[in-house]
Protein chains: 2
Amino acid sequence: MGATKTDHFTDRQNQIAIIAKALGHPARIAIIDYLLKVNSCICGDIVNELPLAQPTISQHLKELKNAGLIKGSIEGNSICYCIDEKTFDILKDYFSKIITTVTNQKCC
Amino acid sequence: MGATKTDHFTDRQNQIAIIAKALGHPARIAIIDYLLKVNSCICGDIVNELPLAQPTISQHLKELKNAGLIKGSIEGNSICYCIDEKTFDILKDYFSKIITTVTNQKCC
DNA sequence: AATGTTTATCGTAATATTACAATATAGATA
DNA sequence: TATCTATATTGTAATATTACGATAAACATT
């Protein structure tokens, strides 16, 4: 017990959940906010910007990358992380659809 | 150690993270999907619909409710759960803003 | 080559989440 | 009121997440 029963849900449900989960931590939202603000980014910057140790930030960046929310390219001896909008589109579409459907419902 | 350092982040960052986190489990996405499908709902239905025990579903419903994603009204001896679109709007607006910003960036 | 800088990984302690059996609670119905 | 039905709560085991010190890896610079 304790582990999520991934195989009982559809691929789409798992996909949405994985992306949402990656955004389910304020440090990761703060990283996204910072990436938007600076328009381009080096991880070291984030370490100075956030109240977390370097290994913790590296771990959060990894999760955002695994979820497809950011992509990183090697830039000399540091790494440039950027937002990957395709993945954000998936979520936006999902929410848009929900809102449209609910608006047409007469319930509760 | 181990606990999220909530007070180091902005209220808005925490708010987005809490909502996203609530959607970060496939069972909860499945519940949202089901609520959309049936247009109105009783918890018992969900228990028959999902491969999870009744207490587990009750727990997931509680989390969705705490995050403001659904609302429940007592309906005789059962409970009618519905989607609360206001909260989905918050996320949709957040993602829309991200996508607009990123599209105008020339990075990586 | 030695040193410095930047980022990742390992190990691990603290905490949180997930799932469910057992049980409680609340309202409906007999 | 006794019983049934629907949902919530409690307790707890299994697992996952979060945070960070220590260390490694990769590249740059001296």
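Numbers restart at 1 for each chain; the letters A, B, ... are given by sequence-line order, proteins then strands.
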Counting only heavy atoms from other residues, nucleotides and ligands, does the tally under 6.0 Å from CG of Asp11(A) exceed 12? no
Asp45(B) CG to dT5(D) C1': how many Å, rounded? 14 Å
Shortest non-hydrogen pair, Ile98(A) vs Ile32(B), comes out as CD1-CG2, 3.9 Å
Glu75(B) atom CD is separated from dT5(D) atom C1', nearest whole Å, by 15 Å
Are OP1 or OP2 of dT17(D) and a side-chain N or O of His60(A) less than 4.0 angstrom apart? no
Side chains of Glu49(A) and Lys37(A): does their closest heavy-atom pair fall under 4.5 Å? yes
Under 4.0 Å, counting only non-hydrogen atoms across every strand here, what does Ser58(A) touch: a base, just sugar-phosphate, or nothing? base
In this structure, how many angstroms lie between the P atom of dA19(D) and the CD atom of Glu63(A), rounded? 10 Å
Can you name the closest pair of heavy atoms from Ala22(B) and Ala67(B) and give their distance? CB-CB, 3.4 Å
On a heavy-atom basis, which atom in Leu50(B) and which in Ala27(B) lie closest, and how many Å separate them? CD1-O, 3.9 Å
From the candidates dA8(D), dA19(D), dA6(D), the one with an atom nearest any side-chain atom of Ser78(B) is dA6(D)
Could you pick out which residue, Gly76(A) or Lys5(B), lies toward the 5' side of DNA chain D when each is mapped onto its nearest nucleotide? Lys5(B)
Using whole Å, report how far CD1 of Ile46(A) lies from P of dA19(D). 15 Å
Sub-3.5 Å donor-acceptor pair from the side chain of Gln13(B) to the main-chain atoms of Thr10(B), do we have one? yes
Does a side-chain N or O of Tyr81(B) approach OP1 or OP2 of dA8(D) to a distance below 4.0 Å, or not? yes
Residues in residues 7-28 of chain B with a heavy atom under 4.0 Å of DNA chain C, by number, are Lys21(B), His25(B), Arg28(B)
Using a 4.5 Å cut-off on heavy atoms from C-beta on, say whether the side chain of Phe95(B) contacts that of Asp89(A). no
N/O donor-acceptor pair under 3.5 Å between Ser96(A) side chain and Lys92(A) backbone: yes
Using whole Å, what does the distance between atom C1' of nucleotide dA28(D) and atom CG of Asn77(A) come to? 6 Å
Round to the nearest Å and state the distance from Lys62(B) atom NZ to dA19(C) atom C1'. 15 Å
Which pair of heavy atoms, one from Asp84(B) and one from Gly68(B), lies closest together, and at what distance? CB-O, 3.3 Å
From CG of Leu61(B) across to P of dA6(D) the rounded distance in Å is 15 Å
Closest non-hydrogen atom pair, Lys71(A) against Ile83(A): CE-O, 4.0 Å
Closest non-hydrogen atom pair, Ile29(B) against Tyr94(A): CG2-OH, 3.4 Å
Side-chain donor/acceptor of Gln59(B) to base of dA19(C), under 3.5 Å: yes
What residues in residues 49-57 of chain B put a non-hydrogen atom under 4.0 Å from any atom of DNA chain D? Gln54(B), Pro55(B)
At what angle, to 10 degrees, do the two end axes of the helix from dA1(C)-dT30(D) to dA30(C)-dT1(D) meet, given five pairs define each axis? 20°
Using the rule that two of Ile, Leu, Val, Met, Phe, Trp, Tyr join whenever any of their side-chain heavy atoms come within less than 4.5 Å, decide whether Ile18(B) and Ile31(B) are in one cluster. no
Whole-Å distance separating the CD1 atom of Ile74(A) from the P atom of dC27(D): 7 Å
